[in-house]
Structures are given as C-alpha cells and as structure tokens.
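Report on the following structure.
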Amino acid sequence: MHVRAVATATTALMGATVLFLPTSPAQASGASGSPLVVAHRGASAYAPENTLAAVDKAAKMGFRWVENDVQRTKDGELVVLHDASLARTTNVEEVFPGRAPWNVRDFTAAEIARLDAGSWFGSRYAGARVPTLKQYMNRVSRNHQKLVLEIKNPALYPGIERETLKVLSNEGWLSPARLRSSLVVQSFSADTVRTVHQLRPGVKTAFLGTPALTDLPEYTTFADQINASYTTISRGYVAAVQAFDGPHGKPMEILTWTVDDADNARRVAGYGVDGIITNKPDVVREATEG
C-alpha cells in the first residue's frame, strides 16, 4: 500500500479535500490523460450487444477496448451473453416455445447456435449469432482489440473460472504480452475474482462494485481494479481506491459504468477515474478528450 493510502482514505471518509494523486497507468493510455474508454458489450448502442457485430462496430469506431459477459451452456460451452436467460436478446421463445424461462444453462451450444441474436436490435442484424467465447476471442484478436471479460452469474456455473482461463490460454490470451496490457477479468463475485487471481496470478482482475473504504485492504490482495457504477462514486472514493497498491504492486485503478451521456462522462473524468465503460464510446470520447 502507498505510504499516503491510509491518510488519503481517512481524509476521503471524512469528506475533506483529498490529496492529489499522479495519473494512473490506465489514465495515461487515453488521449492527453483522459480516461480509457471501454465499449460496453461492444459498441452496444449501435449493434446488438455481445455479438461479433458489436465488436466490429467498436473497432470501426476506433475503440481498442471492449467488454463482454461469459456464461456456460448445458453441455459446457462458454458463450458470450449478458443475461442468464436467452429471452431478451434472441428469438429463443419462437424457436423453443415450450422451454421457459429459456436459461442459458438449459440449452446446448448447438441449440443456442441456431438462435437469432440480432433481429431484436434491428433488421440489418438479422441472423447474428450468440458467439462462443472462442469465436469472440478470435474476433477480438483479429481486430487487434483488448478485452475486459466479465464472468457472469458464477454461482450458476461452478468451475467457470478455471474453464474461462482455459479458453483464454488456448486462444493465446494468457501470454506475457497479452497479460501486460490487453486483458482484465472481472466479476461481481469477490470469490470469483479471488479464484481467478489464485489460479492465474498474472491475470489483471477487477471487482465489480463499490466496496466500503474500510474493506479495500482486503480487495488489494486479489483485485487490480475496483469497477463501480458511476452513481456510487465520488472524487474522494476514486482517490482512496487509487491510493492503494493492488496484488501486482501497482496503484489500484477504478473504472466506472455505464456512462452514456456527455455530462456524466465529464463529471466522472473530473473525479480522476482511470476508465469509463459505455454503450456509446463515441459520446464519451468526445466529452472527455476535449
């Protein structure tokens, strides 16, 4: 932990002026010190979320970082989908009408591969499919992009942490070069983040949420980032997080989600966040790079 960490955290808790902190590594990667912009579920305001089309759209818009969600099928395939149910973003109710509530874990990979994951968003995306994690990683690699990968609903899928790391390894994403600058694995489950860190200590990890400042020392043992909702953070909270060193001996970072308008983008950038996760990366980029 930095020597200033205790003082900073204490000051933030008291609501007083927070000590000035230097620019973190993630901030430095943006233009002129602006926050890193991460395309949430791909450029999901402009293409169906978590599809290859959304990854490609983000690439065409010039965004190097994308975010996705990973779940597991009945027969053990990892697929990229946000919800535990297929109903919102596919035509599963039409294809398999008698199988409510259409949970991912109740369908095989072959069955999910039949579904249309694009028409709900717009007719031009009709026929888009739910990608497997392998397919998704290949597309991200082809586009020379980087990834914030969320392990979704881990309580539903025992062992998904190890399985996710296996796919990442098989696709070349656990190489030293990728681990240095191209991959973050995150989850709302602290146990999952801790497990990923224990299985592959070299992987950069993030906890999704806003832990109490008094709990941050525990998170520093397994999480490099605290990725919090923009509605839950303040300048003081951001500074307090960044005052700690994470498990790799570097200052902890904080990314915030899901910011889709210019005013809130400028506000959280003013807090000094390291990155902004957004469905509208172009809006955030314009607001924060000016």
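These values consider heavy atoms only, across backbone and side chains, with no hydrogens, waters or symmetry-generated copies.
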Distance, nearest 0.5 Å, that separates CG of L52 from CG of N143 = 9.0 Å
Do N279 and S44 have side-chain atoms, one donor and one acceptor, less than 3.5 Å apart?
-> yes
Are T288 and S34 close enough that a side-chain donor and a side-chain acceptor fall under 3.5 Å?
-> no
Using the salt bridge (charged side-chain N to carboxylate O under 4.0 Å, His left out) rule, collect all pairs that involve residues 35-48, keeping only residues at least two apart or in two chains.
-> R41-E49, R41-D69
Are T220 and M252 close enough, and set up right, to give a side chain to side chain contact (heavy atoms under 4.5 Å, CB included), and what steps lead you there?
-> CA-CA 8 Å; T220 66; M252 289 189 80; 3.4 Å; yes
Side chain of T278, backbone of V284: donor and acceptor closer than 3.5 Å?
-> no
Gap separating the CG atom of N91 from the OG atom of S119, nearest 0.5 angstrom = 7.0 Å
Shortest non-hydrogen separation from Y46 to P281 and the atoms involved = CE1-CD, 4.3 Å
With sequence neighbours excluded, what pairs up with S189 under the side-chain contact (heavy atoms from CB on, under 4.5 Å) test?
-> P154, S187, D191, T192
State which residues pass ring-ring contact (aromatic ring centres under 6.0 Å, His included) with Y230; sequence neighbours excluded, sorted by chain then number.
-> none
Could you give the distance from CG (L165) to CG (L199), rounded to the nearest 0.5 Å?
-> 6.0 Å
Counting distance only, does the side-chain N/O of R235 pair as donor-acceptor with the main-chain N or O of G270 below 3.5 Å?
-> yes
Regarding N153 and Q71, is there a side-chain donor-to-acceptor distance under 3.5 Å anywhere?
-> yes
Look at the side chain of R72 and the backbone N and O of V79, then say whether any donor-acceptor pair between them is shorter than 3.5 Å.
-> no
Can you name the ring-ring contact (aromatic ring centres under 6.0 Å, His included) partners of Y271, sequence neighbours left out?
-> none
Inter- and intrachain pairs under salt bridge (charged side-chain N to carboxylate O under 4.0 Å, His left out), touching residues 104-132, at least two apart = R99-E111
Begin from the C-alpha positions of K134 and N138 and carry the test side chain to side chain contact (heavy atoms under 4.5 Å, CB included) through to its verdict.
-> CA-CA 6 Å; K134 179 179 179 179; N138 287 339; 4.0 Å; yes
Verify the neighbour count for atom NZ of K152: are there more than 12 heavy atoms of other residues, nucleotides or ligands below 6.0 Å?
-> yes
Taken in chain and number order and not counting sequence neighbours, the residues that satisfy ring-ring contact (aromatic ring centres under 6.0 Å, His included) with Y219 are F207, F222
State whether the number of non-hydrogen atoms from other residues, nucleotides or ligands found under 6.0 Å of K146 atom NZ is greater than 12.
-> yes
Does any pair with a residue in residues 166-187 pass salt bridge (charged side-chain N to carboxylate O under 4.0 Å, His left out), and if so which ones, sequence neighbours excluded?
-> none
How many angstroms lie between CD in Q145 and CE in M137, if you round to the nearest 0.5 Å?
-> 10.5 Å
Would you sort out whether L86 and V104 count as a side chain to side chain contact (heavy atoms under 4.5 Å, CB included), showing the intermediate values?
-> CA-CA 6 Å; L86 293 151; V104 175; 4.0 Å; yes
Only one of N68, L36, V38, V66 forms a side chain to side chain contact (heavy atoms under 4.5 Å, CB included) with V148, so which one is it?
-> V38
Salt-bridge test for E286 and R266: reply yes if a basic N is under 4.0 Å from a carboxylate O, no otherwise.
-> no
For W173, enumerate each residue passing the ring-ring contact (aromatic ring centres under 6.0 Å, His included) test, keeping only those at least two apart in sequence or located in another chain.
-> none
Find the distance between CD (E150) and CD1 (I277) and round it off to the nearest 0.5 Å.
-> 9.0 Å
Under the side-chain contact (heavy atoms from CB on, under 4.5 Å) rule, collect the residues that match up with A109, sequence neighbours excluded.
-> T73, D75, E77
Results of side chain to side chain donor-acceptor pair (under 3.5 Å) for N227 - residues two or more places apart only | Q186, Q225
What pairs meet the salt bridge (charged side-chain N to carboxylate O under 4.0 Å, His left out) rule with one or both residues in residues 210-229, with sequence neighbours excluded?
-> R194-E218
Please report the closest heavy-atom contact between A206 and V184, naming both atoms and the distance.
-> CB-CG1, 3.8 Å
Any pair with a residue in residues 69-111 that passes ring pair (Phe, Tyr, Trp, His ring centres under 6.0 Å), sequence neighbours left out, goes on the list, sorted by first then second residue, please.
-> F96-F107
Find the distance between OG1 (T164) and CD1 (I151) and round it off to the nearest 0.5 Å.
-> 4.0 Å
Derivation of the side chain to side chain contact (heavy atoms under 4.5 Å, CB included) call for L179 and V203 | CA-CA 6 Å; L179 291 180; V203 174; 3.9 Å; yes
